[in-house]
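Remarks on the structure that follows.
Each chain gets a letter, A, B and so on, in the order the sequences are listed, and its residues count up from 1.
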Amino acid sequence: MGTLRRSHSCGEIDASRVGDEVVVAGWAHRRRDHGGVIFVDLRDQKGLVQIVFRPETSTEAHQSAGDVRSEWVLLVRGVVEARSAETVNSKMVTGEIEINVHELRILNSATPPPFAIEEEAGADEAVRMKYRIHDLRRPPLQRALAVRDRLSTALRASFGRQGFMEIETPMLARATPEGARDFLVPSRLHAGSFYALPQSPQIMKQLLMVSGFERYYQIARCFRDEDQRADRQLEFTQVDLEMSFVGVEEVLEVLQQLTLDGCRDAAGVELPMPFPRMSYKEAMERFGCDRPDTRILLELVDLTDLFATSGFKAFRGAVDQGGIVKCLPVHDADGVSRSEIDRLESFVRKELGARGLGWIRIAEDGEWRSPIVKFLTDEERAEIVKQTDARPGSLLFFQADAPDKANAILSRLRIDLGEKLGRVDGREWDVLFVVDFPLFERDDKGQLTYVHQPFVAPLEEDIPLLETDPEAVRGTHYDVIMNGTELGSGSLRNHRADIQRQILKVLGYSDEEMKQSFGFMLDALELGAPPHGGFAFGFDRMVMVLAHAESLRDVVAFPKTQRGQDLLMQAPSPVAAESLDELSIRVRAPKPE
RNA sequence: GGGGCGGUAGUUCAACCGGUUAGAGCACUGGCCUGUCACGCCAGAAGUUGCGGGUUCGAAUCCCGUCCGCCCCGCCA
């Protein structure tokens, strides 16, 4: 660069600078060489500006400009000139001016980019991740990372205003048998022992509450060694918080304020106050899902009772085995063709493991066209009409299966069809609390297990039920849902060791196992633990929703593939034998190079 | 662990029912061009059709296996 320094950003030069000498730097976005005059669009983080090389202005600069290629790094000194009326480019923010270059310094050359540094240019995900640096130069990732930055700044400010203190917790923590698979870190000083990277700061923040920090927060990295999804990465960021001496209402108040501040300051989104609330039960009944997008107007109807005594074996059988029968009515559905129904059926069979997809179409003449109608009595048909509000033009989809499965399938259809048919209320943003989750559920072996995590406190009035009817115990758990995505979840925690023990007992832990797995936690609760509760936002998911991104990979600077690899840095990688020796580790089957 | 979709030039894609020299746009290289802005024109180079095996007179194409990317189930809050 020599002694020359930037005076302006490319994107911020406008007509008011005409006549000024400026120094700008950036990447050669595109070059248009007319032999005589050469145009280069110069790009920096703020935007693009056209720089012009004329032989009559500087023979030397003009000649060097002939060598410039895409993504070369340039520094130029020149004079801002107004473009003539015919040459103004209205598509460019800086299209009214250009810079007549007097001096060009080529700061670096560059190998040709594998794909165009443009908004639209499509590229395979593997290519994008291998050439992540080029992808990061493009507007979508630039925007997403800017949202990320603004959101963390906004949340920190909001935490500050609400009296929270940021406290860091260890990344080298202890492995826990519960929850997700841990990432293990071998200890050099303790051969054969391992640290675990935290799945979340859950336990540590509870210990901070016992320690007397009444309002804690942290923007914390978390690690879970589980299979990836579009909305799940091996490592991710949680906005973690915990408060002492509060009930559910006080926590929700804080969450509401944080969500409001974050969405406003990061994306200019104004959310309606107060956030609506829905019970878990209602969400499952109406939407088949505990994170409903309530902008979609279609709703499910439960017909289990109707088919409990039916002669239709396929449905009756499901109910007899403890399943449910639910229906997704779609009115005015003439636009859905028979082949579309077949496509939906094969979709739910293949992708979601459905046994089939029952459907009834009521034609305009009132006739029922359906593969299943012949199994239904007149009374059943009348009852279906009554409960689903079916009428000519209606299309009814049915699932008879285990509750989780039937709901999962129909809620997916609800979203797909709702979006495809435009059955939406037109709001861009939908936010709500889902509350009153059950504390326990049965796993496939019939053993009671926790729905969220073992520290969730029950509702006070449900505590007696722990002895008598644990499945009916409601937890203090709450979720924040935005546009059908779970932004995060939280609860009040058990601050009394006796209640915590009682819950662990219901979960099937012996005294010995309790001590083994949760001993230090139970001990901590006996040191004078205050009532406390908190929450953790999935920060990446929040950015994903605000940036309208389809995948977490589009809101993270350096994401990993579905198989957990970083294609840019080539991680994970084998390590030198000496490194393993030092850690007292022997690899059973080393990967051949 | 399971199901699905995909993998052809640097890149985005094409190539009929298995058929003779695997094509095109962009990018790249060389040349021309003084008002373009996805500049234009001329010429050129560029391929282990992911990899391995099989069927066949002949395979990008069909079969088997395997690797990689993505979506989903399981798993995970």
d([atom1], [X]; [atom2], [N]) in whole Å:
{"X": "A:Y450", "N": "B:C76", "atom1": "OH", "atom2": "C1'", "result": "11 Å"}
{"X": "A:I99", "N": "B:C37", "atom1": "CD1", "atom2": "P", "result": "20 Å"}
{"X": "A:H134", "N": "B:G10", "atom1": "NE2", "atom2": "C1'", "result": "11 Å"}
{"X": "A:E226", "N": "B:G1", "atom1": "CD", "atom2": "C1'", "result": "13 Å"}
{"X": "A:R493", "N": "B:A77", "atom1": "CZ", "atom2": "P", "result": "14 Å"}
{"X": "A:I415", "N": "B:C72", "atom1": "CD1", "atom2": "P", "result": "12 Å"}
{"X": "A:K130", "N": "B:G69", "atom1": "NZ", "atom2": "P", "result": "13 Å"}
{"X": "A:R563", "N": "B:C71", "atom1": "CZ", "atom2": "P", "result": "14 Å"}

Go ahead and name the base partner of [N]; Watson-Crick or wobble counts if both distances stay under 3.5 Å, otherwise write none.
{"N": "B:C17", "value": "none"}
{"N": "B:C70", "value": "B:G4"}
{"N": "B:A24", "value": "B:U12"}
{"N": "B:C41", "value": "B:G31"}

Requested in this report: Classify the side chain of A:D124 versus the base of B:G7 as yes if they form a donor-acceptor pair under 3.5 Å and no if they do not.
Outcome: no
Query raised in the report: Is any side-chain N or O of A:R128 under 3.5 Å from a base N or O of B:U11, one able to act as donor and the other as acceptor?
Result: no
Donor-acceptor pair, side chain of [X] and main chain of [Y], under 3.5 angstrom:
{"X": "A:Q321", "Y": "A:A318", "value": "no"}
{"X": "A:S9", "Y": "A:E12", "value": "no"}
{"X": "A:T476", "Y": "A:A457", "value": "yes"}

Report task. Would you mind telling me which of B:C75, B:A77, B:C37 lies closest to the side-chain atoms of A:R232? Result -> B:C75
Report summary line: Closest to the side chain of A:R229, out of B:U12, B:A77, B:G74, is B:G74
Query raised in the report: In terms of side-chain heavy atoms, does A:Y216 have a donor or acceptor partner in A:Q218 at a distance below 3.5 Å?
Result: yes
Between [M] and [N] - [atom1] atom distance, rounded Å:
{"N": "B:G2", "M": "B:G19", "atom1": "C1'", "answer": "39 Å"}
{"N": "B:G3", "M": "B:A77", "atom1": "P", "answer": "25 Å"}
{"N": "B:C63", "M": "B:G4", "atom1": "P", "answer": "14 Å"}
{"N": "B:A27", "M": "B:A38", "atom1": "P", "answer": "12 Å"}
{"N": "B:C5", "M": "B:A9", "atom1": "C1'", "answer": "24 Å"}
{"N": "B:U34", "M": "B:A43", "atom1": "C1'", "answer": "23 Å"}
{"N": "B:C16", "M": "B:A60", "atom1": "C1'", "answer": "14 Å"}
{"N": "B:U55", "M": "B:G18", "atom1": "C1'", "answer": "11 Å"}

Check the phosphate of [N] against [X], side-chain N and O only, distance under 4.0 Å to OP1 or OP2. Yes or no?
{"X": "A:T561", "N": "B:G69", "answer": "yes"}
{"X": "A:Q199", "N": "B:A77", "answer": "yes"}
{"X": "A:Q565", "N": "B:G69", "answer": "yes"}
{"X": "A:Q562", "N": "B:C71", "answer": "yes"}
{"X": "A:R30", "N": "B:A38", "answer": "no"}

**Report entry** Passing option when A:D430 is tested against A:T485, A:T294, A:N483 for side-chain hydrogen bond (donor to acceptor under 3.5 Å, both in side chains)
**Finding:** A:T294
Would you mind classifying the nucleic acid contact of [X] as base, sugar-phosphate or nothing, using non-hydrogen atoms under 4.0 angstrom?
{"X": "A:R349", "result": "nothing"}
{"X": "A:V451", "result": "base"}
{"X": "A:E178", "result": "nothing"}
{"X": "A:G179", "result": "sugar-phosphate"}
{"X": "A:T87", "result": "base"}
{"X": "A:A408", "result": "nothing"}

Inspect the surroundings of [atom1] in [X] and state if more than 12 heavy atoms from other residues, nucleotides or ligands are less than 6.0 Å away.
{"X": "A:Q63", "atom1": "CD", "value": "no"}
{"X": "A:E81", "atom1": "CD", "value": "yes"}
{"X": "A:E282", "atom1": "CD", "value": "yes"}

Query raised in the report: Does the side-chain ring of A:F39 lie flat on the base of B:U36, meaning centres under 5.5 Å and planes less than 30 degrees apart?
Result: yes
Query raised in the report: Centroid-to-centroid, A:F433 to A:Y478, below 6.0 Å?
Result: no
Query raised in the report: Among all residues two or more places apart in sequence or in another chain, which pass the ring-ring contact (aromatic ring centres under 6.0 Å, His included) test with A:H548?
Result: A:W429
Requested in this report: Any chance you could list the contact pattern along nucleotides 27-34 of chain B? Use B for base contacts, S for sugar-phosphate-only contacts and - for none, protein heavy atoms under 4.0 Å, 5' to 3'.
Outcome: --SS--BB
Report task. Mind listing the closest non-hydrogen atom pair of A:P170 and A:P198 along with its distance? Result -> O-CG, 3.8 Å
Query raised in the report: Relative to the ring of A:H452, is the ring of A:H477 parallel (under 30°), tilted (30 to 60°) or perpendicular (over 60°)?
Result: parallel
Requested in this report: Anything under 30° is parallel, anything over 60° is perpendicular, the rest tilted; go ahead and classify A:F39 against A:H34.
Outcome: perpendicular
Please produce a list of atom pairs where a protein N or O lies less than 3.5 Å from an N or O of nucleotides 3-5 of chain B.
{"unit_1": "B:G3", "atom_1": "N2", "unit_2": "A:E351", "atom_2": "OE2", "d": "3.4"}

Report task. Tell me which of A:R32 and A:D290 sits closer to the 5' end of RNA chain B, going by the nucleotide each one is nearest to. Result -> A:R32
